[in-house]
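Following: one structure in structure tokens, then a few remarks.
Quick caveat, the model's predicted, so the values are computed rather than measured. Because only heavy atoms are used, hydrogens play no part in the values below, and waters and symmetry mates are left out as well, while side chains stay in.
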Amino acid sequence: MSVISVDPKQYYATSSLLIGYALCSSLLAVINKFAITKFNYPGLLTALQYLTSALGVWVLGKLGFLHHDAFTWETAKKFLPAALVFYLAIFTNTNLLRHANVDTFIVFRSCTPILVALADTVFRKQKCPSKLTFLSLLVILGGAVGYVATDNGFTLTAYSWAFAYLVTITTEMVYIKHMVTNLGLNTWGFVLYNNLLSLMMAPPFWIITGEYVEVFAALGSKTDNFFAPGAFFAVSLSCVFGLLISFFGFAARKAVSATAFTVTGVVNKFLTGAINVMIWDKHASPFGLICLLMTIVGGVFYQQSVTGPSSAPSKGESLLPKQTHSENDGDDFENENQGVSGKLVI
């Protein structure tokens, strides 16, 4: 009987990466809900997150801790459509968290396989879902319908943003990964381009949404505590976790198999729901939480049904923020979007 030898250093390093990723991923949605509650300017909040992530990658690159592709306008022009869809996904996600609780976000995030499977069949001419896949989609749909029907916090505004988020994140999953693959950027180059271009898009959206008026009014108001310690702490925490998930998500995906990474992602959703219930009252009713659990379980079955014997990520995973091709990075990187930009998860 052969004995498998495990390097203790490698074991602890891999465990640390998975724990770091799990903590960042599970806490990110709650932290961003906390941030948008304390700092009710979603456009400015996400811009600060983009700035932190882009600046963090650039500084770490200068210090020699990582390598990223150089920024060129020629590549930026090709990458612009991907960055636009990413920005819209984060923009709708932020506004969803602004008007709804974290449980609603998880439910709609878990519903993405339904639209992904439909888009794959209709637009990409792939085979119809298998019986197990179809059953898992019905479980997800049933959980989502049950959650919406019993949501005491239902508002037209919140669910309008939820459906907008669902459409944009599905577009990211189905289309964007194929376009970005051909650009040949490495992972950190992707992070840099994604966040820097998104940061450039922020001002026009401030004008379109009229948020700039609210920001200037708050800056000029003596009664509005714009720079309150609580708001500063929440925004800073959100930005730091955004950069941390870029690192831990990338490193963990490189250190473990796609299956292990997927299982970690599922556990993260359970942790997010549990943390959200424990820390405050901004969560669903008991029946709503059961429906939330139902959508997550349906997502687990879906991932099992579409994952073949290889270690490739399932088509239900978002590949935008961490998906790259380079001579050093042969894997596709799944984004919980939470995402490499570390936004709202993406």
Side-chain angles (χ1 to χ4, degrees), residues 24-50 52-53 85-112 144 147-148 151-170 172 198 202 205-206 209 211 214-215 230-231 233-242 244-245 268-284 288-289 292 295-296 318 320-321 335-346:
C24 290
S25 179
S26 58
L27 286 171
L28 192 60
V30 178
I31 288 174
N32 279 292
K33 175 62 177 179
F34 174 60
I36 201 66
T37 301
K38 294 290 184 180
F39 189 77
N40 197 20
Y41 307 99
L44 182 56
L45 175 62
T46 53
L48 292 171
Q49 293 173 333
Y50 297 135
T52 302
S53 294
V85 173
F86 173 77
Y87 184 93
L88 290 174
I90 298 302
F91 179 75
T92 54
N93 194 343
T94 312
N95 281 280
L96 169 58
L97 284 174
R98 185 186 190 186
H99 296 285
N101 57 37
V102 176
D103 298 329
T104 304
F105 159 71
I106 298 175
V107 167
F108 276 86
R109 181 67 179 82
S110 300
C111 283
T112 52
Y147 179 89
V148 173
D151 185 9
N152 294 328
F154 178 92
T155 65
L156 183 60
T157 300
Y159 276 78
S160 295
W161 284 114
F163 281 108
Y165 168 70
L166 189 58
V167 171
T168 53
I169 200 67
T170 302
E172 171 201 1
S198 295
F205 274 83
W206 293 344
T209 60
E211 185 177 318
E214 299 177 27
V215 172
F233 173 75
V235 172
S236 300
L237 193 65
S238 176
C239 291
V240 169
F241 266 74
L244 285 177
I245 201 173
N268 292 344
K269 290 181 180 179
F270 283 103
L271 288 175
T272 300
I275 292 169
N276 187 55
V277 169
M278 289 188 295
I279 65 172
W280 54 18
D281 59 355
K282 300 178 186 296
H283 54 76
L289 292 175
L292 166 62
T295 63
I296 296 177
S318 169
L320 170 59
N335 172 31
E336 284 278 306
N337 295 3
Q338 309 127 330
V340 283
S341 63
K343 305 307 170 280
L344 309 152
V345 213
I346 338 18

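- Scanning all heavy atoms of the two residues, the minimum distance from Leu48 to Val235 falls at CD1-CG1, 3.7 Å.
- Here Tyr165 and Phe108 keep their ring centres 6.0 angstrom or further from each other.
- For the atom pair SG of Cys111 and CD1 of Ile169, the computed distance is 13.0 Å after rounding to the nearest 0.5 Å.
- Between His99 and Trp161, the ring-plane angle classifies as parallel under the 30° and 60° cut-offs.
- A 4.5 Å side-chain heavy-atom check between Thr52 and Val240 finds every atom pair outside the cut-off.
- For the residue pair Ala47 and Ala202, the shortest heavy atom distance occurs at CB-CB, 4.0 Å.
- Residue Phe163 holds its CZ atom at 11.0 Å from CG of Leu96, rounded to the nearest 0.5 Å.
- Shown here for Gly242 and Leu28, the closest heavy-atom pair between the two residues is N-CD1, 4.3 Å.
- Phe241 places none of its side-chain heavy atoms less than 4.5 Å from the side chain of Asn32.
- Between the Glu214 side chain and the Tyr41 main chain, no donor and acceptor come within less than 3.5 Å of each other.
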Handout entry: Criterion side-chain contact (heavy atoms from CB on, under 4.5 Å) on Phe91 and Thr168, from CA distance to verdict
Key = CA-CA 10 Å; Phe91 179 75; Thr168 53; over 6 Å; no
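- Distance alone, capped at 3.5 Å, is enough to place a donor-acceptor pair between the Thr46 side chain and the Gly43 backbone.
- Among all heavy-atom pairs drawn from Leu45 and Ala35, the shortest one is CD2-CB, 4.1 Å.
- In this structure, CG in Leu244 is found 9.5 Å from OG in Ser53, a value given to the nearest 0.5 Å.
- Here the side chains of Ser198 and Ile90 are not in contact, with every heavy-atom distance at 4.5 Å or above.
- Taking OG1 of Thr92 as the reference point, atom CZ of Arg98 lies at 14.0 Å (rounded to 0.5 Å).
- Taking CG of Leu237 as the reference point, atom NZ of Lys38 lies at 12.5 Å (rounded to 0.5 Å).
- Between atom CG of residue Leu166 and atom OH of residue Tyr159 there is a gap of 12.0 Å, rounded to the nearest 0.5 Å.
- Listed here is the closest heavy atom pair of Ile36 and Leu97: CG2-O, 3.9 Å.
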